[in-house]
Amino acid sequence: MKKWKHEYNTYEQYLISLGMADTRAKDLSVAVNKLHSAIAYLDKSNYKLFTDSFPKTKGLINAFADCEGLRKFD
């Protein structure tokens, strides 16, 4: 898998580089941004509950964070 940071300026550009249609990449970027924001406001117990329930989501939000220069999650 390609590295996100340094190769792409935004998550949207990263998705397009993977072959995603630019019209879909924009919508997905907006959606993942909202998810990242929602997760950032979780307290520790709700964060643990969310990541334990949906462990693959962490990769998605951290890829977004890399592209956008935002906080990554442990």
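- Here Y14 contributes atom OH and F64 contributes atom CZ; the two are 14.0 Å apart, rounded to the nearest 0.5 Å.
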Report all side-chain donor-acceptor pairs from residues 29-40 shorter than 3.5 Å, counting only partners two or more places apart or in another chain.
residue, atom, partner, partner atom, Å
H36, NE2, R71, O, 2.8
S37, OG, N33, O, 3.1

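- Put simply, CG on D22 and CD on E12 are 7.5 Å apart, with the number rounded to the nearest 0.5 Å.
- Considering CG of N46 and OG of S53, their distance stands at 10.0 Å, rounded to 0.5 Å.
- To the nearest 0.5 angstrom, R24 atom CZ is 4.0 Å from D27 atom CG.
- Here the side chain of N62 pairs no donor or acceptor atom with the backbone of K72 at under 3.5 angstrom.
- For the pair I16/Q13, no side-chain contact is recorded, criterion being any heavy-atom separation below 4.5 Å from C-beta on.
- Panel note: side chain K58, backbone T51; no donor-acceptor pair is recorded below 3.5 Å.
- At a threshold of 4.5 Å between non-hydrogen side-chain atoms, the residues L15 and Y11 count as touching.
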